Structure formats: structure tokens, C-alpha cells
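Data block below; observations after.
What you see below is based on every heavy atom in this structure, not just the backbone, and it leaves out hydrogens, waters and symmetry mates. As the structure is a prediction and not an experimental result, all values here were calculated from the model.
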Amino acid sequence: MATNKKRKKKAEVMAEDGSMTLTGHLKELRNRLIICAVVFVVGVVVSLAYADRLIDLLTAMGRDYYQFVSIAPQEKLMQYFRVSILAGVVVTVPVAFYNIYAFAKPGLKKSESTFFKLVMLLGLILFCVGVLFAYKLMMPFMLRFLSTGIEGAEYIQTTTSIESYVNLCLTMFIIFGCVFEMPLITIILSKMGIINPQILKQVRGVAIVVIFFIAAVVTPPDIVSQCMVALPMVLLYFVSIFLSGIFYKPRNTDEDDEEEEESAD
């Protein structure tokens, strides 16, 4: 009886030709989502025990320039939860990337599998580099300028709520993490033949204007913060042009004709 149940379950998951059925794919997807959810919950719970240290790391950049206050009764506690949730997301992302790769691996060719792994690894590295750039260089300079860069009104104390400060830090981290993904996006689009170095060179003037406009929108209203965000983006744009020249492969019209003929057959 137990053997028949096992065979029935196996038949629901695997087709006669050895491929996985739709039910099998859905079950695998469910299991992988459960794994990611469990890792996230565990990451949040563990991070709560170290939330005070995480807050210390964030406030270390601005202690010399600001006095932190908690305006609302729940404000301090909510920032502990916010930082813990962010830490849980950080822990979950590599696990989620691995499960995405493992789920898609059976349908990928060997070259596609290798490229997929490189894309995920490079994406994680670039995002971490962007966050470190913001933490080590961008944020200390911005905080110092915003607190001491404007002379006059010495009687005004530079205090800030912990909620506003944490929001600013997390926003800058996310912005720079995403900005540093520009070379990776260029590699993917160039590999797909969607963009090429010639197009990127032709629109570089417009791209620089757009970059400075985006930097003005996402940063505090001062020219220094805007330049601190825009200049790395401009540099990464020129790096993207170089990488596009390496990875761009124009599609052969003969190959396209062959693919159309095969699809017609």
C-alpha cells in the first residue's frame, strides 16, 4: 500500500519521459519559497538580538555632527525592527538567489547556467560594493557637510530624530547598491543584443543630464550631495560602455532565418 502511494506521488511529479510535470514544478517552487521564508524569519529573529549593535554601526557615521533624539514613544523600537527586517532581507537574498538558480537549472544549457551563476554572483558583489561606498565615503561626507558646511546661526543645535537618520542611511544604501548594478545590467542587455556600445556613446550627453537629474531627486537639496551621487554614476556609465564593447554580440541574420525556419517547421 505504501509502495503504491510512493509510485502515485512520483507519477504526479515526474512525467513518463523523465521530465518534471507542472505539479512537480509547483511543489518544488513551494518548497523553495518555504525555505526562503524560514531563512528570513530566522534572520529577523536573530538580528533583533543584535539590533542595538546595528543601530550603533549606522549612528557611528553621524555622532560627531548630530545629537540623536527619539520624538515619538515608539520611534526607537520601530527602528530596531526596521533594521532587523533589513538584516533578514540581506541574509535571505543569497539563499533566494541560489534557489532561483536551482529551480531554473534543469532548463538551462551549460553556457547559460554558467552565465546565470556569474550574473547572480556579480550582482551580489556590486550591490555590496555600492553599500560599502555609501557607508565609508558618501554618508560621512554628506553628514559632515549638512551639519557644518553652512556657516551662521550657531545657536541652532544639529539634532535629528533617529527615524529620519535611519531613513536617510537606508535610502542611500539602497540607491548606491542599485547604482552599482549598472555595469551588470549593461552586460545582460549587451549579451541579449538589446544595446551596444555605439548607442551608449551616442546618448552619453543625454545620459549624463539624466543622471544629474536623478541624483538631484534622490539626494538632499544641496549640490555636494548631488555630485557625490552623480559622479560615481557617470563613472559607472563609462565603465558600462567599455563592458558593452566586450560582451555585445550582434545577432547573425542567417541564424535568425534558421530559427524562423525551425519554428515554421
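Without hydrogens or angle criteria, R204 side chain to K201 main chain gives a donor-acceptor distance under 3.5 Å. In terms of modelled atom types and a separation under 3.5 Å, the side chain of E75 and the main chain of I162 share a donor-acceptor contact. A donor-acceptor contact shorter than 3.5 Å links the side chain of S70 to the backbone of A72.
Here the shortest heavy-atom pairing between L58 and C169 reads CD2-CB, 4.2 Å. Residues I85 and V44 approach most closely at CA-CG2, 4.0 Å, considering heavy atoms. Contact between A51 and Y80 at its shortest, heavy atoms only, is CB-CD2, 3.4 Å. Across all their heavy atoms, P183 and L243 have their closest contact at CB-CD1, 3.5 Å. Here the closest non-hydrogen pair linking L54 and A87 is CD1-CB, 4.1 Å. The shortest heavy-atom contact between G177 and E181 is O-CG, 3.3 Å.
Hydrophobic side-chain contacts under 4.5 Å tie V69 into a cluster, directly or through other members, with I71.
The structure places OG of S164 at 11.0 Å from OH of Y66, a figure rounded to the nearest 0.5 Å. A distance of 8.5 Å separates CG in L126 from CG in L236, rounded to the nearest 0.5 Å. Distance CG/L132 to CZ/F173: 9.0 Å, rounded to 0.5 Å. Once rounded to the nearest 0.5 Å, the distance linking CG of L33 with SG of C36 reads 6.5 Å. Rounding to the nearest 0.5 angstrom, the gap separating the CD atom in Q198 from the CD1 atom in I241 is 10.5 Å. The distance from the CE atom of M172 to the CE atom of M61 is 11.0 Å, given to the nearest 0.5 Å.
Under the 4.5 Å side-chain contact rule for hydrophobic residues, V90 and I125 do not share a cluster. Linking Ile, Leu, Val, Met, Phe, Trp and Tyr residues whenever their side-chain heavy atoms come within less than 4.5 Å leaves I188 and I199 in two separate clusters. Transitive grouping of hydrophobic side chains (ILVMFWY, heavy atoms separated by less than 4.5 Å) brings I185 and F238 into a common cluster. When hydrophobic clusters are built by joining Ile, Leu, Val, Met, Phe, Trp and Tyr residues whose side-chain heavy atoms come closer than 4.5 Å, directly or via intermediates, V38 is not grouped with I100.
Inter-residue side-chain proximity for Y135 and L57 is flagged as met; some heavy-atom pair is nearer than 4.5 Å. In this structure, M78 and E163 have side chains that are not in contact, with every pair of non-hydrogen atoms separated by 4.5 Å or more. Counting only heavy atoms from C-beta outward, the side chains of F81 and L48 approach each other to under 4.5 Å.
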For side chain to side chain contact (heavy atoms under 4.5 Å, CB included), just list the numbers for V239 and T186, CA-CA rounded to whole Å, side-chain angles, deciding distance to a tenth of an Å, and then say yes or no. CA-CA 10 Å; V239 172; T186 303; over 6 Å; no
Under the side chain to side chain contact (heavy atoms under 4.5 Å, CB included) rule, what do I34 and R30 come out as? Steps first, then yes or no, please. CA-CA 6 Å; I34 291 174; R30 180 198 61 188; 4.0 Å; yes
Criterion side chain to side chain donor-acceptor pair (under 3.5 Å) on S47 and S84, from CA distance to verdict: CA-CA 5 Å; S47 299; S84 299; 5.5 Å; no
Derivation and outcome, side chain to side chain contact (heavy atoms under 4.5 Å, CB included), residues Y237 and I208: CA-CA 9 Å; Y237 183 82; I208 292 174; 5.6 Å; no
Does L143 form a side chain to side chain contact (heavy atoms under 4.5 Å, CB included) with L168? I'd like the steps, not just the answer. CA-CA 10 Å; L143 294 171; L168 177 63; 4.2 Å; yes
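Taking the six-membered ring where the residue is Trp, F176 and F133 present tilted rings, their angle falling between 30° and 60°.
A salt bridge links D56 with R63; the closest basic N to acidic carboxylate O contact falls under 4.0 Å.
Aromatic ring centroids of F180 and F127 lie 6.0 Å or more apart.
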Could you pull out all donor-acceptor pairs under 3.5 Å where a side-chain atom in residues 91-99 meets a protein atom, sequence neighbours excluded?
{"from": "T92", "atom 1": "OG1", "to": "F40", "atom 2": "N", "distance (Å)": "3.4"}
{"from": "T92", "atom 1": "OG1", "to": "G88", "atom 2": "O", "distance (Å)": "2.6"}
{"from": "N99", "atom 1": "OD1", "to": "R32", "atom 2": "NH1", "distance (Å)": "3.0"}
{"from": "N99", "atom 1": "ND2", "to": "V95", "atom 2": "O", "distance (Å)": "2.7"}

